[in-house]
Amino acid sequence: MQTQKDEIRRQILRVARDEFLKHGVKHTSMKTIATRAGVAVGNIYNYYAGKDELLKAVLAPLFNAIEDYRAQNLDVTYTSLDIYRYEVYYEMMRRQVVSLIIPYRKEFRLLLFETAGTSLENYFDRLSEMNCDDGRTYIEHVKARYPHITADVSTHFIRILCELWAGLIKHIVVNDGLNEAELDRIISNYVRFGIGGWKNLLGIDADE
């Protein structure tokens with residue numbers, strides 16, 4: 001019985017995701033989702049209280065990926081100056097950005113353009129703010145580990161960098177025609193720019 005309920009829940013989620021992506025959250029009804037999922041309209045509410053809860057469930061994999069991404073950024077590995085010296089770290093960072101954006105392009109589209117009037121409205125803006133907080137925390141960690149580092153970075157500039165990060169995601173999400181090579185080049189340029197920029201901002205010498 002529990003296995004059957006779990007499968008029904010998964011089927012509702014699959015249908016909801018498909019409907020949200022095709023028609024938008026606002027123009028998708030619980031009745032349509034229930035019908036396509038083969039569930040009685042009254043019964044669907046035993047699984048999800050409404051579209052808002054369904055939307056959060058559809059986006060849950062993206063939210064988990066975002067938390068993993070933020071945790072990696074604050075990992076002790078990234079406070080090492082080695083990331084500015086060795087190519088292996090560039091590749092690690094490139095894969096990290098790829099793993100956040102590419103598998104979840106459609107989920108990001110929902111988050112960016114389909115959350116008006118829901119509890120997730122302005123979530124992307126809040127995410128950008130959290131990204132800024134992470135940037136400030138990163139600098140603090142680097143300064144604590146390497147007291148000689150300059151780390152004289154304007155908080156306003158950190159916000160500008162966060163807007164660049166948000167712009168990267170938005171550009172990739174809205175441009176469906178980008179092929180794999182173009183996506184790789186965009187992300188690679190972004191990571192190279194980030195590594196080189198932070199290296200100079202923090203006053204890190206190549207031979208440190």
Side-chain angles (χ1 to χ4, degrees), residues 9-34 36-37 44-45 47-75 78 93-141 155-178 183 186-187 190-191 193-194:
R9 183 180 294 275
R10 286 191 291 268
Q11 176 63 7
I12 292 171
L13 266 185
R14 284 192 290 266
V15 170
R17 180 180 184 275
D18 186 57
E19 288 292 321
F20 290 162
L21 289 169
K22 286 181 178 178
H23 307 293
V25 175
K26 182 179 179 180
H27 300 291
T28 297
S29 68
M30 291 294 280
K31 180 179 179 181
T32 298
I33 295 171
R36 280 199 55 199
I44 195 172
Y45 291 98
Y47 294 89
Y48 297 98
K51 283 197 296 183
D52 196 273
E53 186 175 320
L54 255 175
L55 179 61
K56 286 190 282 189
V58 167
L59 295 179
L62 170 60
F63 294 150
N64 290 336
I66 288 171
E67 288 307 308
D68 288 344
Y69 178 86
R70 294 182 63 208
Q72 288 178 58
N73 283 342
L74 294 177
D75 185 83
Y78 284 92
M93 295 171 74
R94 188 192 67 81
R95 287 198 304 268
Q96 180 188 348
V97 176
V98 167
S99 68
L100 173 65
I101 301 177
I102 303 305
Y104 301 104
R105 288 174 79 181
K106 292 181 178 179
E107 283 76 10
F108 266 120
R109 179 179 288 274
L110 287 176
L111 185 63
L112 284 165
F113 305 116
E114 294 294 335
T115 55
T118 75
S119 63
L120 295 175
E121 187 171 7
N122 300 321
Y123 178 90
F124 191 79
D125 293 334
R126 297 197 299 272
L127 175 60
S128 294
E129 188 60 40
M130 288 187 284
N131 197 33
C132 289
D133 291 339
D134 291 345
R136 288 187 283 268
T137 300
Y138 168 75
I139 292 175
E140 291 172 4
H141 288 178
T155 56
H156 295 285
F157 187 70
I158 292 176
R159 187 171 298 278
I160 291 171
L161 291 178
C162 293
E163 290 174 2
L164 173 62
W165 178 83
L168 170 78
I169 294 175
K170 290 177 181 178
H171 186 84
I172 289 175
V173 167
V174 301
N175 289 278
D176 293 328
L178 292 171
L183 289 169
I186 291 169
I187 292 174
Y190 170 78
V191 174
F193 178 80

(message) Between Ser29 and Thr32, is there a side-chain donor-acceptor contact under 3.5 Å, judged purely by atom types and distance?
(response) yes
(message) Could you measure the distance from the CZ atom of Phe124 to the CG atom of Leu112? Nearest 0.5 Å is fine.
(response) 5.0 Å
(message) Holding to side chain to side chain donor-acceptor pair (under 3.5 Å), I want the full list of residues that pass it with Tyr45, two or more places apart in sequence or in another chain.
(response) none
(message) Do Val97 and Ile102 have side chains that approach each other closer than 4.5 Å (heavy atoms only, starting at C-beta)?
(response) no
(message) With rounding to the nearest 0.5 angstrom, report the SG to CH2 distance, Cys132 to Trp165.
(response) 9.5 Å
(request) Determine, step by step, whether Asn122 and Thr115 satisfy the side-chain contact (heavy atoms from CB on, under 4.5 Å) criterion, reporting the C-alpha distance in whole Å, the side-chain angles of both residues, the deciding distance to 0.1 Å, and the verdict. (result) CA-CA 8 Å; Asn122 300 321; Thr115 55; over 6 Å; no
(message) Side chains of Asn73 and Gln96, heavy atoms from C-beta outward: is any pair under 4.5 Å?
(response) yes
(request) Taking the side chain as every heavy atom from C-beta outward, state whether Thr118 and Leu55 have any pair of such atoms under 4.5 Å apart. (result) yes
(request) Only pairs at least two apart or in different chains count here, so list each salt bridge (charged side-chain N to carboxylate O under 4.0 Å, His left out) that has a residue in residues 117-127. (result) none
(request) List the atom of His141, the atom of Leu74, and the distance in Å for their closest heavy-atom pair. (result) ND1-O, 4.3 Å
(message) Quick one, Leu111 and Tyr104 - any side-chain contact, counting heavy atoms below 4.5 Å?
(response) no
(message) Walk me through whether Leu54 and Met30 qualify under side-chain contact (heavy atoms from CB on, under 4.5 Å).
(response) CA-CA 10 Å; Leu54 255 175; Met30 291 294 280; 3.7 Å; yes
(message) In the structure I gave you, are the side-chain heavy atoms of Leu59 and Phe108 within less than 4.5 Å of one another anywhere?
(response) no
(request) Apply side chain to side chain contact (heavy atoms under 4.5 Å, CB included) to Asp68 and list each qualifying residue two or more places apart in sequence or on a separate chain. (result) Gln72
(request) With the side chain counted from C-beta on, respond yes when Tyr190 and Leu164 share a heavy-atom pair under 4.5 Å apart, and no when they do not. (result) yes
(request) Kindly give the heavy-atom pair with the smallest separation between Leu13 and Tyr48, and that separation in Å. (result) CG-OH, 3.2 Å
(message) Show the nearest heavy-atom pair for residues Val191 and Met93, with the distance to one decimal.
(response) CG1-CB, 3.9 Å
(message) Tell me every residue that passes salt bridge (Lys or Arg N to Asp or Glu O under 4.0 Å) with Lys56, counting only those two or more places apart in sequence or in another chain.
(response) Asp52
(request) Quick one: list whatever passes ring-ring contact (aromatic ring centres under 6.0 Å, His included) with Tyr78, sequence neighbours left out. (result) none
(request) Tell me, please, which residues at least two apart from Asp176 pass side chain to side chain donor-acceptor pair (under 3.5 Å). (result) Arg109
(message) Tell me whether Phe193 at atom CZ has more than 12 heavy atoms from other residues, nucleotides or ligands lying less than 6.0 Å away.
(response) no
(request) Using the test salt bridge (Lys or Arg N to Asp or Glu O under 4.0 Å), find all partners of Glu19 that sit at least two apart in sequence or belong to another chain. (result) Arg36
(message) I want to check something: taking the side chain as every heavy atom from C-beta on, are Leu21 and Glu107 in contact at a cut-off of under 4.5 Å?
(response) no
(message) According to side chain to side chain donor-acceptor pair (under 3.5 Å), who are the partners of Thr137, at least two apart in sequence or on a separate chain?
(response) none
(request) Give a yes or no on whether the backbone of Ile172 and the side-chain of Arg105 come within a donor-acceptor separation of less than 3.5 Å. (result) yes
(request) Kindly give the heavy-atom pair with the smallest separation between Pro103 and Val98, and that separation in Å. (result) CD-O, 3.2 Å
(request) Measure from the side-chain N and O atoms of Lys51 to the backbone N and O of Thr28, and report whether any donor-acceptor pair falls under 3.5 Å. (result) yes
(message) Ignoring hydrogens, what is the shortest heavy-atom contact between Ser128 and Ala166? Give both atom names and the distance.
(response) OG-CB, 3.7 Å
(message) Tell me every residue that passes salt bridge (Lys or Arg N to Asp or Glu O under 4.0 Å) with Lys22, counting only those two or more places apart in sequence or in another chain.
(response) Asp18
(message) If you compare all heavy atoms of Asn131 against all heavy atoms of Cys162, which two are closest, and at what distance to 0.1 Å?
(response) C-SG, 3.7 Å
(message) Given Arg70, which partner from the list Asp134, Leu100, Asp75 fulfils the side-chain contact (heavy atoms from CB on, under 4.5 Å) test?
(response) Asp134
(request) Please name all residues satisfying salt bridge (Lys or Arg N to Asp or Glu O under 4.0 Å) with Glu129, sequence neighbours left out, ordered by chain then number. (result) Arg136, Arg159
(message) Do Leu62 and Leu110 have side chains that approach each other closer than 4.5 Å (heavy atoms only, starting at C-beta)?
(response) no
(request) For Phe63, check ring-ring contact (aromatic ring centres under 6.0 Å, His included) against everything at least two apart and list the hits. (result) Tyr123
(request) With sequence neighbours left out, write down each residue that passes side chain to side chain donor-acceptor pair (under 3.5 Å) with Tyr138, or none if nothing qualifies. (result) Tyr84
(message) Does Phe20 form a side-chain contact (heavy atoms from CB on, under 4.5 Å) with Ile33? I'd like the steps, not just the answer.
(response) CA-CA 10 Å; Phe20 290 162; Ile33 295 171; 4.2 Å; yes
(request) Working to the nearest 0.5 Å, report the span between CG of Leu168 and CD1 of Ile186. (result) 7.5 Å
